Amino acid sequence: MKRTLVGLLALGLLGSLGLAQKPLVFGSNGEPVTLEPGNITDGISIYAQRQIYDTLVDFKPGTTDPMAGLATSWFASPDGKTWTFRLRQGVKFQDGTDFDAEAVRFNVNRWWDPKDPTRINAGSNYEIWSDLFGGPKGDPNSLLKDIQVVDKYTIRFVLNSPFPAFVAAIGSGYFGIASPAAIKAQGAKYGTPAGGAVGTGPFKFVSWQPGDRLTLEKSTNYWKKGLPKSDGVVFRFIKDPAARLAELKAGSIDFTTDIPPANLEDLQGAVKPLFRPSFNVGYLALNPIYKPLSDPRVRLAIAMAINKPAIVKAFWGELGVTNGHFTPAAMKTYWSPKVTDYEYSPQKAKQMLAEAGYPNGFDLELWYMPVSRPYFPTPKEIAEAMGADLSAIGIRVKFQTKDWATYLNDRKKAPGFQAYMLGWTGDYGDPSNFYDPHFAAPIQDLFDANGKPLDIKDLSEVLTKADTSTNQAERVKLYQQADEMTFNLALRIPIVHSRPLVAQRTNLSGWVPSPLGSESFEEIVKK
């Protein structure tokens with residue numbers, strides 16, 4: 001009896017150890033473009049990078065509220081043009097090198113300065129820095145004027161004008177702090193399957209098998225004591241939502257995102273649903289370089305021809321809303337009372353087309369994403385529904401797509417796509433994060449008749465004033481004005497603000513989905 005009890009205890013101990021050593025298996029809806037911070041714009045890449053890197057500023061779980069990250073505190077100068085950050089001491093990168101102010105300066109400079117010799121001339125060419133901070137070094141629109149190392153654990157950002165949202169913006173998931181030593185050693189291979197990635201985050205790079213998986217293991221020198229709670233994470237690349245759901249049910253993956261809302265009732269038994277707070281927009285972009293779309297009447301006709309309420313009801317049910325605002329309801333304070341939504345009226349839309357000189361319609365290429373995202377969980381089917389509505393007013397739609405990385409890059413190469421689907425999940429809780437990347441000049445993925453990035457000067461001026469004002473009442477009025485202007489331009493037609501559906505196996509605990517679209521897996525436990 002004693003021997004049996006001891007044997008059972010030993011088996012139980014071994015079983016516990018075995019369970020603890022099993023990595024988390026995440027069903028990713030696509031493959032990262034790169035693991036190099038600051039050189040991405042897509043949420044799929046952010047999700048992977050979020051596990052490898054930390055940012056200066058973090059966000060409280062499940063919210064958009066900033067909290068300490070690699071920086072323990074920060075303060076602004078009285079004029080709002082200088083931000084000073086105190087850095088966490090004793091932190092090391094996963095390669096054993098020290099994290100300090102010089103490492104922060106190294107990372108920020110390569111995102112900001114086109115002449116930085118450590119830049120990797122590939123991918124999206126660090127465009128996200130310009131999207132969020134006005135422009136690169138040397139550009140008159142650049143928000144950043146200088147970055148200064150005050151001492152080993154103090155870094156200072158000097159701005160050309162006030163930016164109240166700077167703290168939250170620099171905490172965006174794009175801006176993970178990477179090891180300078182690793183970047184210098186790997187050169188152009190850094191962030192690729194061949195070069196790997198090194199941060200200060202909870203998990204460190206092991207391998208990346210293109211088209212299959214990304215494998216990370218627990219970082220043993222992580223600065224947060226007792227974390228991560230799992231020994232590793234495997235990112236399985238599974239683009240098809242139905243396939244991800246099937247694997248989740250089978251137990252071959254532990255958790256996943258971007259489940260089509262229609263599958264909510266299927267999440268039962270050993271699988272349970274979770275909901276990401278709504279903080280996004282899915283839109284249809286219309287490129288004015290294509291002659292019919294250069295006429296705002298045509299763009300408004302398209303907006304009026306698409307039965308947005310019916311499409312949202314069909315594909316999102318209760319997990320989506322549609323309106324004419326580019327920002328989500330979490331930013332309702334900045335909505336103009338003059339904006340509701342485009343009237344659904346095929347008859348008026350057809351009449352408007354005729355007035356614009358297209359009584360018999362025209363041909364239109366409509367590009368849809370090859371991967372599911374929180375705002376468009378089933379892009380092809382949603383595109384086909386919009387195409388059916390457009391055909392009713394004589395617009396002959398040809399559907400197009402290509403792989404994710406190419407899709408993101410080619411839309412920015414003149415002449416770009418005629419019409420395409422994309423969306424945005426907020427990176428921080430300020431309207432500037434929705435408006436600036438999509439409407440501030442120059443608009444990188446919409447073009448004028450000369451093939452140059454679109455510059456809508458009056459709108460850009462309003463956004464600049466709103467971004468830099470330290471008067472909250474003035475900011476509200478300016479963003480309400482931007483709300484009206486973007487609605488009337490109809491360059492990006494808001495289709496949906498969704499409440500993304502995610503799911504996990506019931507033996508998982510500790511996952512708190514963030515409204516910002518990604519979160520660390522450091523607290524997740526698999527029993």
Side-chain angles (χ1 to χ4, degrees), residues 6-32 35 44-54 61 94 193 196-259 266-274 276 501-514 518-527:
V6 171
L8 287 171
L9 288 171
L11 284 171
L13 178 59
L14 289 172
S16 298
L17 289 173
L19 284 171
Q21 291 170 356
K22 289 183 179 178
L24 303 170
V25 183
F26 177 68
S28 176
N29 54 353
E31 189 164 0
L35 295 179
I44 292 175
S45 298
I46 289 178
Y47 228 139
Q49 292 193 18
R50 185 68 182 81
Q51 314 314 318
I52 299 170
Y53 304 106
D54 293 308
Q94 294 150 358
V198 180
T200 65
F203 300 97
K204 64 180 182 179
F205 179 90
V206 175
S207 65
W208 178 356
Q209 297 168 255
D212 182 26
R213 67 187 61 200
L214 170 69
T215 302
L216 310 176
E217 67 181 10
K218 179 178 183 176
S219 176
T220 55
N221 66 346
Y222 190 42
W223 55 273
K224 292 185 183 179
K225 301 302 180 184
L227 297 177
K229 294 182 178 179
S230 297
D231 282 351
V233 182
V234 176
F235 279 71
R236 293 266 317 281
F237 310 143
I238 310 169
K239 292 182 180 179
D240 181 58
R244 287 202 310 279
L245 183 56
E247 294 218 32
L248 184 65
K249 289 181 176 180
S252 51
I253 62 175
D254 299 316
F255 58 134
T256 190
T257 58
D258 304 334
I259 297 292
D266 297 331
L267 304 179
Q268 51 188 309
V271 175
K272 73 172 184 178
L274 287 81
R276 192 179 297 284
L501 175 61
V502 303
Q504 67 175 44
R505 301 284 296 181
T506 53
N507 64 328
L508 237 62
S509 62
W511 186 23
V512 182
S514 167
S518 66
E519 54 280 328
S520 171
F521 296 160
E522 61 190 25
E523 292 277 2
I524 300 178
V525 176
K526 179 164 65 172
K527 297 178 182 177

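For clarity, every value in this text was computed on a predicted model and none was experimentally measured.
Taking the six-membered ring wherever Trp is involved, the centroid distance between the rings of Phe521 and Phe203 does not fall below 6.0 Å.
Minimum interatomic distance between Val271 and Ala503 (heavy atoms only, all atoms of both residues): CG1-CB, 4.2 Å. For Trp208 against Pro32, the heavy-atom pair with the smallest separation is CZ2-O, 3.5 Å. Of all non-hydrogen atoms in Gly27 and Ile253, the two that sit nearest each other are CA-CD1, 3.9 Å. The shortest non-hydrogen separation linking Ile238 to Ala243 is CG2-CB, 3.8 Å. When every heavy atom of Ala48 is checked against every heavy atom of Leu214, the shortest pair comes out as CB-CD2, 3.8 Å.
Although no hydrogens or angles enter the test, the distance criterion places no donor-acceptor pair under 3.5 Å between the side chain of Asp231 and the main chain of Lys22. Counting only distance, with no hydrogens or angles, the side chain of Ser514 and the backbone of Glu519 share no donor-acceptor pair below 3.5 Å.
Remark: Ala246 pairs with no residue by the side-chain contact (heavy atoms from CB on, under 4.5 Å) rule, at least two apart or across chains. Residues forming a side-chain contact (heavy atoms from CB on, under 4.5 Å) with Thr200 (at least two apart in sequence, or on another chain): Asp54, Leu70, Val91, Phe93, Phe99, Trp223. By the salt bridge (charged side-chain N to carboxylate O under 4.0 Å, His left out) test, Arg244 pairs with no residue at all, sequence neighbours left out. Residues forming a side-chain contact (heavy atoms from CB on, under 4.5 Å) with Ser520 (at least two apart in sequence, or on another chain): Arg50, Gln51, Pro202, Glu522.
Identified under the salt bridge (charged side-chain N to carboxylate O under 4.0 Å, His left out) test for residues 234-243, with sequence neighbours left out: Arg236-Glu247. Every pair passing salt bridge (charged side-chain N to carboxylate O under 4.0 Å, His left out) that includes a residue from residues 197-214 is listed here, sequence neighbours excluded: Lys204-Glu217.
Two residues are said to be in side-chain contact when any heavy atoms from C-beta on lie closer than 4.5 Å; Ser28 and Tyr47 fail this criterion. Within the 4.5 Å cutoff, the side chain of Phe205 has no heavy atoms near those of the Val198 side chain. No side-chain heavy atom of Leu24 sits under 4.5 Å from any side-chain heavy atom of Val234. Annotation: side chain of Gln94 is in contact with side chain of Ile52 (closest heavy-atom distance under 4.5 Å). Residues Leu274 and Gln504 meet the side-chain proximity criterion, which asks for heavy atoms closer than 4.5 Å. Between Leu267 and Leu245 the shortest side-chain heavy-atom distance falls below 4.5 Å. Proximity of Ser509 to Lys527: side-chain heavy atoms (C-beta onward) are separated by under 4.5 Å at one or more points. Side-chain contact between Glu31 and Pro210: present, with at least one pair of heavy atoms (C-beta onward) separated by less than 4.5 Å.
The aromatic rings of Trp511 and Phe26 sit perpendicular to each other, their planes meeting at more than 60°, with 30° as the lower class boundary.
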task = Kindly determine whether Val25 and Phe255 satisfy side chain to side chain contact (heavy atoms under 4.5 Å, CB included), including the steps that lead there.
result = CA-CA 7 Å; Val25 183; Phe255 58 134; over 6 Å; no
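Screening Lys526, Arg505, Lys249 for a salt bridge (Lys or Arg N to Asp or Glu O under 4.0 Å) involving Asp254 leaves a single residue, Lys526.
With 3.5 Å as the limit, one finds no donor-acceptor pair spanning the side chains of Asp258 and Thr256.
Between Leu35 atom CG and Tyr53 atom OH the span is 6.0 Å, to the nearest 0.5 Å.
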